[in-house]
A.B. asks: 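I am attaching a structure below and will ask some questions about it afterwards.
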Amino acid sequence: MPTVRFLALEETMGRKPKNFEAPGTRVSEYFGSRVFNRKAMREYMTSEAFKAVVDAMDNGTKINRNIADQVASGMKAWALNLGATHYTHWFQPLTGTTAEKHDSFFEPTGNGEAIEKFSGGMLVQQEPDASSFPNGGIRNTFEARGYTAWDPTSPAFVFGSTLCIPTVFVSYTGEALDYKTPLLRALQSVDYSSDSCM
């Protein structure tokens, strides 16, 4: 096994850097072109879904399941137009790096065919195995549940052929398993205390 690792390291060290080719002559032509920002949301979502997501982003309101389905439908259409084949819940666990839970839009229909499927439930929450993250190893794998939940305040983006959905990572009991959840909770507390002072 060590020989394989050394060979992999040797191959890695021998790689040459790739030159980056800008997709346009001006940065303004491509900046944010692969981000599901307000402009893209307005184009790909119903007005009802757009208003709900903007309200969630600006005021922290909740998005109901019907709206989540509409958001997922628009987000999927936008991502497929950019060549996405997969989606991932992207989060920052307490390891100091990022982590991803990948899935495919592909779903067999049972008659030898398939469709691209992405529902509100798939957008809103996933269940990665938390046993490989800090403190997860002290529990059995089936007890080490961690949940990722979509964070509408951070825009989704397409990287390569993957739709990346920024999420928070929490335990079954709601404890933060990432760096983002405490930040969002602190911002919510500051907003609440400033509103109550007025």
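Residue indices begin at 1 and follow the sequence shown. Excluded from the calculations below are hydrogen atoms, water molecules and symmetry mates; all remaining heavy atoms, backbone and side chain alike, are included. Quick caveat: nothing in here was measured; it's all calculated off a predicted structure.
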A.B. asks: If you measure from CD on Gln70 to CD1 on Ile63, what distance do you get to the nearest 0.5 Å?
C.D. replies: 11.0 Å

A.B. asks: Can you tell if the side chain of Leu123 reaches within under 4.5 Å of the side chain of Val71, non-hydrogen atoms only?
C.D. replies: yes

A.B. asks: Within the side chain of Lys76, is there an N or O that forms a donor-acceptor pair under 3.5 Å with the backbone of Glu116?
C.D. replies: yes

A.B. asks: Return yes when atom OH of Tyr30 has more than 12 non-hydrogen atoms of other residues, nucleotides or ligands closer than 6.0 Å, and no otherwise.
C.D. replies: yes

A.B. asks: How long is the straight-line distance from CG of Asp178 back to OG1 of Thr95, given to the nearest 0.5 Å?
C.D. replies: 10.5 Å

A.B. asks: Quick one: closest heavy-atom pair of Ser119 and Asp69, and the distance?
C.D. replies: C-OD1, 3.9 Å

A.B. asks: Do Leu184 and Tyr179 sit in one hydrophobic cluster, given that two such residues count as connected whenever their side-chain heavy atoms are within less than 4.5 Å of each other, even indirectly?
C.D. replies: no

A.B. asks: Specify the closest pair of heavy atoms between Leu82 and Ser33, including all atoms of both residues, with the distance to one decimal.
C.D. replies: CD1-O, 4.1 Å

A.B. asks: Side chains of Thr148 and Gln126: any donor to acceptor distance under 3.5 Å?
C.D. replies: no

A.B. asks: Please tell me whether His89 and Thr167 have a donor and an acceptor in their side chains that are separated by less than 3.5 angstrom.
C.D. replies: no

A.B. asks: Taking the side chain as every heavy atom from C-beta outward, state whether Met122 and Asp103 have any atom pair closer than 4.5 Å.
C.D. replies: no

A.B. asks: Counting neighbours of CD on Gln125 that are heavy atoms of other residues, nucleotides or ligands and sit closer than 6.0 Å, is the number greater than 12?
C.D. replies: yes

A.B. asks: Judged by atom type as modelled, is there a donor-acceptor pair below 3.5 Å linking the side chain of Thr88 to the main-chain atoms of Glu100?
C.D. replies: no

A.B. asks: State whether the side chain of Thr162 and the backbone N or O of Cys164 hold a donor-acceptor pair below 3.5 Å, judged by distance alone.
C.D. replies: no

A.B. asks: Do Thr61 and Asn59 pair up side chain to side chain, a donor and an acceptor below 3.5 Å, judged on atom types alone?
C.D. replies: no

A.B. asks: Determine, using ring centers only, whether Phe157 and Phe36 are less than 6.0 Å apart.
C.D. replies: no

A.B. asks: Could you tell me if the side chain of Asn81 sits less than 4.5 Å from the side chain of Tyr44, heavy atoms only?
C.D. replies: yes

A.B. asks: To the nearest 0.5 Å, what is the distance between CG (Leu80) and OG1 (Thr85)?
C.D. replies: 9.0 Å

A.B. asks: State whether the side chain of Arg34 and the backbone N or O of Gly160 hold a donor-acceptor pair below 3.5 Å, judged by distance alone.
C.D. replies: yes

A.B. asks: Please confirm whether the ring centroid of Phe169 lies under 6.0 Å from the ring centroid of Tyr147.
C.D. replies: no

A.B. asks: When you look at CD of Glu11, are more than 12 heavy atoms from neighbouring residues, nucleotides or ligands closer to it than 6.0 Å?
C.D. replies: no

